[in-house]
Number of protein chains: 2
Amino acid sequence: MNHQSKKKATIYDLSILSGCSPSTVSAVLNGTWQKRRIKQSTAERIQSLAEQHRYTANLQARGLRSSRSGLVGLLLPVHDNRYFSSMAQTFEAEVRSHGKCPVVVSACRDPVEEQATVETLISYSIDELFIAGATDPDGVHVLCEAAGIRHINIDLPGTKAPSVISDNYEGARMLTQAIIQRLAATGSPEPDEVYLFGGRDDHATRERIRGFRDVKRQMLGADPDECIQPTGYSPDMTQKAFETYYAREKKVPRGLFINSSINFEGFLRFLAQHPHETFADIVVGCYDYDPFGSFLPFPVLMIRQDVAGMLAKAFEIMEESRPAAKIHLIAPELVQPRTALTGPLDLIREIDTFTR
Amino acid sequence: MNHQSKKKATIYDLSILSGCSPSTVSAVLNGTWQKRRIKQSTAERIQSLAEQHRYTANLQARGLRSSRSGLVGLLLPVHDNRYFSSMAQTFEAEVRSHGKCPVVVSACRDPVEEQATVETLISYSIDELFIAGATDPDGVHVLCEAAGIRHINIDLPGTKAPSVISDNYEGARMLTQAIIQRLAATGSPEPDEVYLFGGRDDHATRERIRGFRDVKRQMLGADPDECIQPTGYSPDMTQKAFETYYAREKKVPRGLFINSSINFEGFLRFLAQHPHETFADIVVGCYDYDPFGSFLPFPVLMIRQDVAGMLAKAFEIMEESRPAAKIHLIAPELVQPRTALTGPLDLIREIDTFTR
DNA sequence: ATTGAATGCACCATCGATTGTGCAAAACGA
DNA sequence: TCGTTTTGCACAATCGATGGTGCATTCAAT
């Protein structure tokens, strides 16, 4: 008759049950009992009592006292695409393996929401914060700095905290080059046949545009401005951009560099409005990897950013005592059409097999 | 020179600055000051001080005292697919609109991890828990019940707490029917030409299999057992199942019912190993929606579960004082090939447009 | 002038843990 | 046998907020 029915057991309950003081119980249960020279037999007695009564520490109380929570945050722009959701997946595994508790929240690419969310996290005495794709990394930095919270930028860099980002310039070069090479197989492409759609005025987009243009100039000898169409990160605006182009030109550019999978979704919406055959000969490059996107009826080249690598680097930097506010570039990978890569989900595969 | 440089301001700091007692400051800043008959002028003075010094409440302290945290949890099996990531996206928006703080965590479909994760959440005095796709919903229920935490199952039902799930039986019927009708256009299909792959021994899979078999018997007159291949929820096992079939039959079944987008990824891995033309005439139905999956080079029928509807219903039930442990079915939607639906991301579209 | 109610706020215990300090009792050495 | 260490643990302050209770004032009513 384990009467754990009422409320959760506290160190005070166990203190009474064991005849020891609350501080002894606390020391035993948080592992510092050796330092406090608690007798092993005492420790064992308390531990077994704790198990019997299903004691678990009240983490808010612990956090209040120690002003650390054991929480590690990941701030995402959005959940709902493969890039960020795989980041969340990888992040969780990594944080868990450090014995801490991952907290993933999204801020909808809204600077105000970002600040508010970060303030909330700080109010929970979060220990560390990974800031992925923030619209205003330096604004977030100020908050973290004031609260003394270790933090790092991922995906979009800031100037005041260390940043781990994808090598967008090189990635864009690879992608553009691959697009043009594919196009060359069916007649050498003109400069105005290769367009870039999507993205907005952020570091990643700027670097990608730079890579795109450099390669175009180098391989095609020219790089008209109208081939750059930064439509923001919304499927809808991207679709509109394609519709506009199509209404004018009665076709789509043969070579498309699409800035993210979210923009690619906008292109899908456009596609859905038109017969499949209209786009028989296009070549698409997407700066993001999505396994389904890789198998579309036209060649889709994709860039897979090395999420695991970026996070690994970020965790490594977090360990440093006083990390420099520099930018670390992580090389992405060019993915050929019709390629199904493994991802973070594969790491949990064994569980499925065991439990069947 | 706002000297917020040191640490975060507390009610004690503001108490000294304002000349009022800490309890007065507290009452003013948490909105209960009217009840406590604090003079309006006092309240305003304190509020302005709070702003100047960028006061934000220490939520751990508040949570400790009030044994509620303002946190609302969503427990996910995994982050990394469109179904669950869109659930996370919708969930966050909904929780935010209630003025609380969303916390999304995944438990990797591992019952042990599930329990541990939930215990952690409980230790943070989480207020409510939404349990999506738990392998052991009733186990989680016991923990929540003991801690007095309101909770609800989503996607996979439990027997002890209210559950909101997709109408898997009807969804599977729709999907199977659509697959067979499509196949009929190119010659009437035999019963052994329509297979189901993926899923494991959970409620959702059982219902889907039931729907699949019923429709097959009804439309094709038979329903051989070997057409059911529950491979678990891992891309890898799914791929292996297809390879095995292919090695034996030198083809794939013309009609495929794939139990989830994760299993579909396994099929992609299989596809990647074989020339595109091998599968020219297949029809795939996938019990999950993925925008890119909808545009593959063969007809892909998809079921979109009504994530928004399920969450809305779940939040509604959460409001009830003593909700019954019954199952609420939410109708899913059949999505025709080459369809790009809008999702939760579209709700944040305006932000993009404004900030450009 | 006296009583009673309303107003405005301070006091203090409390939530559950952590941690510096101090003091017996036991063990040890001479 | 008497100091000196070492061992083993208890005490009490503390983290920051909440909320019940109680005590002055002020004001109105008689």
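Chain identifiers are assigned alphabetically (A, B, ...) following the order of the sequence lines, protein sequences preceding nucleic acid strands; residue numbering begins at 1 within each chain.
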Colleague: Hey, does T10(B) reach any base, or is it just sugar-phosphate, or nothing, if we go heavy atoms under 4.0 Å?
Modeller: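 Here T10(B) touches the backbone only, sparing every base.
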Colleague: Would you mind reading off the distance between L59(A) atom CG and dT18(C) atom P, rounded to a whole angstrom?
Modeller: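 Going from CG in L59(A) over to P in dT18(C) covers 9 Å.
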Colleague: Both I38(B) and N58(A) contact DNA chain C. Which one's nearest nucleotide lies toward the 5' end?
Modeller: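 Per heavy-atom nearest nucleotide, the more 5' residue is I38(B).
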Colleague: Do V25(B) and S18(B) have side chains that approach each other closer than 4.5 Å (heavy atoms only, starting at C-beta)?
Modeller: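 The answer is yes, as the side chains (C-beta and beyond) meet within the 4.5 Å cut-off.
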Colleague: May I ask you to verify if any side-chain N or O of N30(B) is less than 4.0 angstrom from the OP1 or OP2 atom of dT18(D)?
Modeller: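 Affirmative; the distance criterion is met.
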Colleague: So which one's nearest nucleotide on DNA chain C is more toward 5', K39(B) or R36(A)?
Modeller: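 Per heavy-atom nearest nucleotide, the more 5' residue is K39(B).
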Colleague: For dT14(D), does either OP1 or OP2 sit under 4.0 Å from a side-chain N or O belonging to Y12(B)?
Modeller: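 No.
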Colleague: For R62(A), answer base if it contacts any base atom (sugar-phosphate contacts may also be present), sugar-phosphate if it contacts only those atoms, and nothing otherwise; contact means non-hydrogen atoms under 4.0 Å.
Modeller: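 Sugar-phosphate contact only.
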Colleague: Expressed as a whole number of angstroms, how long is the span from L29(B):CG to dT18(D):P?
Modeller: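 To the nearest whole Å, that distance equals 9 Å.
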Colleague: Within the 4.0 Å heavy-atom criterion, would you say S23(A) contacts the bases, only the backbone, or no part of the nucleic acid?
Modeller: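 Base contact.
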Colleague: More than 12 non-hydrogen atoms from neighbouring residues, nucleotides or ligands closer than 6.0 Å to CZ on R68(B), yes or no?
Modeller: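 It does not: R68(B) CZ has 12 such atoms or fewer within range.
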Colleague: Using atom CD of Q40(B) as one end and atom P of dC9(C) as the other, report the distance to the nearest whole Å.
Modeller: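 Taking atom P of dC9(C) as the reference, CD of Q40(B) is at 12 Å.
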Colleague: Write down the distance between CG (L64(B)) and C1' (dC15(D)), rounded to a whole number of angstrom.
Modeller: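 Atom CG in L64(B) sits about 9 Å away from atom C1' in dC15(D).
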Colleague: Quick one: is dA10(D) close enough that its OP1 or OP2 comes under 4.0 Å of any side-chain N or O from S21(A)?
Modeller: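 Looking at the OP1 and OP2 atoms of dA10(D), one of them is under 4.0 Å from a side-chain N or O of S21(A).
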Colleague: Which part of the nucleic acid, if any, lies within contact of T42(B), taking any heavy atom under 4.0 Å across all strands shown: a base, the sugar-phosphate backbone alone, or nothing?
Modeller: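 T42(B): backbone/sugar contact only, no base atoms under 4.0 Å.
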Colleague: Give a yes/no on whether any side-chain N or O of T24(A) is located under 4.0 angstrom from OP1 or OP2 of dC9(D).
Modeller: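 So the side chain of T24(A) is outside the cut-off, no N or O lying under 4.0 Å from OP1 or OP2 of dC9(D).
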Colleague: Measure CD/Q34(A) against C1'/dC9(D) and give the value in whole Å, please.
Modeller: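 Checked: the CD to C1' distance equals 15 Å.
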Colleague: Is E113(A) salt-bridged to R96(B), going by a charged N under 4.0 Å from an acidic O?
Modeller: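 Yes, this pair counts.
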Colleague: Could you give the CD1-to-C1' distance, from I11(A) to dC15(D), as a whole number of Å?
Modeller: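 Checked: the CD1 to C1' distance equals 14 Å.
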Colleague: Do K100(A) and D127(A) meet the salt-bridge criterion of a basic N to acidic O distance under 4.0 Å?
Modeller: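 Yes, charged N to carboxylate O under 4.0 Å.
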Colleague: Send over the distance from Y55(B) OH to dG16(D) C1', rounded to a whole Å.
Modeller: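 Interatomic distance, OH of Y55(B) to C1' of dG16(D): 7 Å.
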Colleague: Expressed as a whole number of angstroms, how long is the span from R45(B):CZ to dG8(C):P?
Modeller: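 In whole Å, dG8(C) P and R45(B) CZ are 13 Å from each other.
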Colleague: Got a sec: does the CD of E320(A) have more than 12 other heavy atoms crowding it under 6.0 Å?
Modeller: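 Yes.
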Colleague: Pick base, sugar-phosphate or nothing for S26(A), based on heavy-atom distances below 4.0 Å to the nucleic acid.
Modeller: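 Counting heavy atoms under 4.0 Å across all strands, the contact made by S26(A) includes a base.
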